[in-house]
Amino acid sequence: MEDFKQTADRFVKDRFGDRALNLASLASGDWSRAYSFLLDGREMVIRFGAYVGDFEKDRVMGAFSMDTMPIPKVVEVGETENGFFAISERIQGEKHLDELDESEIRIVLPQLFDALFELQELDLTSTQEIGLWRPEGTGPSWAAELLSVAEPRDRLAGWRDRLDTSPREASIFDAGVAKLRQLAPQLPEIRGIVHNDLLNRNVLVANGKLAGVFDWGNAVYRDPLYDHALFLYCWPWFPQWHGIDLQEILDQHWEKRGGPPAQMKERLLCCLIHIGLDNIAYCAFRERTEDMRQNADQLLTYI
């Protein structure tokens, strides 16, 4: 049975013939596999996955590329025998955000927060018109959306049954849901685009500047502070950054804009609890017992 690299190579050759050269594997995520190649002499990336909606998000977000936050343009989305593919321009960089040292992250992180803020200032109605994110005033409340973290999910089939085989972590998860149920109804209905996956090799840096932000497949339309909360949550997992006060960087970010947004503390806390719950469910589904335990320990610090 041929491996996936051979399958990808055959697909590209069948589709593009001699126009395509030098197919090479790139780092892949849990939901797709990625390869670089030359198409008519241009550097491109082709990804294969089971969820076409992820690729459609990338296509939409490519239209919002900015000098301060380049987003690769998706030139084609289509179907394969076993799923879907997307072809996009390739963005080059020196390092992923995850790989930066302390001095580098001090320079780049404020740029990223500024770019995310600029993104919220754009007219994002096209993301709603095609149904990728919830149009304002429709669907469940933000509180209900947060609490849905405890519900069954198509991509994580059977996660709760697997979590229940670890009684301590299941108990902490339920305590987190109870805390979120107490806090979430007090939150304002504030919505914006959230990338939701910035620390998984999805941000490229070159010469001390953002070179590209890609893989918007996990993007959601929710409180924009969620991306900030993800950094706060993940910070302890990156020992090379422990000498940096992330909260100070965030405070400086908001100081430039006249002060913190309304109910920031409460909003961030609910986001942090939700991230912990989401990570526990995901780790249970993937049967990553040690990671599940560490996320449960971290969730305890918020509840």
Side-chain angles (χ1 to χ4, degrees), residues 21-49 54-77 85-122 124 127 192-219 224 226-228 230-231 234-235 237-238 240-241 244 246 249-250 252-253 256:
L21 298 169
N22 302 341
L23 189 80
S25 298
L26 296 172
S28 297
D30 288 327
W31 310 117
S32 67
R33 297 173 184 262
Y35 303 85
S36 64
F37 72 112
L38 292 177
L39 181 61
D40 298 327
R42 297 171 58 201
E43 291 191 278
M44 309 295 283
V45 172
I46 185 167
R47 287 170 296 147
F48 299 91
D54 293 357
F55 297 151
E56 291 293 353
K57 289 181 184 181
D58 284 322
R59 173 147 57 183
V60 171
M61 293 310 299
F64 298 104
S65 181
M66 304 178 290
D67 290 342
T68 52
M69 187 170 69
I71 302 172
K73 180 182 179 181
V74 174
V75 299
E76 185 178 3
V77 174
F85 73 93
I87 298 173
S88 58
E89 300 170 337
R90 187 177 186 189
I91 288 179
Q92 295 287 358
E94 297 167 353
K95 291 183 177 181
H96 291 94
L97 186 71
D98 320 43
E99 301 167 329
L100 300 184
D101 62 27
E102 182 176 317
S103 62
E104 293 168 325
I105 197 72
R106 284 183 187 275
I107 296 170
V108 173
L109 197 56
Q111 296 176 34
L112 180 58
F113 289 151
D114 287 344
L116 291 171
F117 184 86
E118 288 179 43
L119 181 64
Q120 308 306 326
E121 299 294 293
L122 299 178
L124 299 171
T127 67
I193 294 295
V194 173
H195 183 283
N196 198 28
D197 204 17
L198 292 166
L199 279 172
N200 277 316
R201 299 175 64 85
N202 292 326
V203 179
L204 275 173
V205 176
N207 299 317
K209 293 185 179 181
L210 291 179
V213 178
F214 45 89
D215 196 350
W216 294 79
N218 284 335
Y226 201 91
D227 272 332
H228 292 189
L230 275 164
F231 277 96
C234 294
W235 208 254
W237 301 65
F238 289 84
Q240 70 270 31
W241 299 342
I244 298 173
L246 175 59
I249 292 177
L250 285 168
Q252 291 172 354
H253 168 75
K256 291 187 295 185

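Closest of all the heavy-atom pairs between G93 and A211 is CA-CB, 4.4 Å. Nearest heavy atom pair, residue A115 against residue M69, reads CB-CB, 3.7 Å.
At least one donor-acceptor pair under 3.5 Å links the side chain of Q111 to the backbone N or O of G208. The main-chain N or O of N196 is found under 3.5 Å from a side-chain atom of D227 such that the two form a donor-acceptor pair. Checked by atom type and distance alone, the side chain of W235 pairs as donor or acceptor with a backbone atom of W241 at under 3.5 Å. Side-chain atoms of E104 come within 3.5 Å of backbone N or O of D101 as a donor-acceptor pair. At distances below 3.5 Å, at least one donor-acceptor pair connects side-chain atoms of S65 with backbone N or O atoms of I71. No side-chain donor-acceptor contact under 3.5 Å links N207 to the backbone of K209. A distance-only check finds a donor-acceptor pair linking the side chain of Q120 to the backbone of I193 [under 3.5 Å].
Note on D54 versus R47: no salt bridge recorded, every NZ/NE/NH1/NH2 to OD/OE distance being 4.0 Å or above.
Shown here is K73, whose NZ atom has no more than 12 heavy atoms of other residues, nucleotides or ligands within 6.0 Å.
For F55 and F85, the distance between ring centers is not under 6.0 angstrom.
Side-chain contact, D197 with N218: a donor N or O sits under 3.5 Å from an acceptor N or O. Side-chain contact check for N202 and H195: no donor-acceptor pair (N or O, by modelled atom type) lies under 3.5 Å. Side chains of Q92 and E43: a donor-acceptor N/O pair is present below 3.5 angstrom, by distance only. T68 and E118 share a side-chain donor-acceptor pair at under 3.5 Å.
For the pair V60/W216, no side-chain contact is recorded, criterion being any heavy-atom separation below 4.5 Å from C-beta on. Considering only heavy atoms from C-beta on, D58 stays 4.5 Å or farther from S88 through its side chain. V45 places a side-chain heavy atom less than 4.5 Å from the side chain of R90. In this structure, F231 and L109 have side chains that are in contact, with non-hydrogen atoms separated by less than 4.5 Å.
Among residues two or more places apart in sequence or in another chain, the side-chain contact (heavy atoms from CB on, under 4.5 Å) test is passed with D98 by H96, L199, R201, F238.
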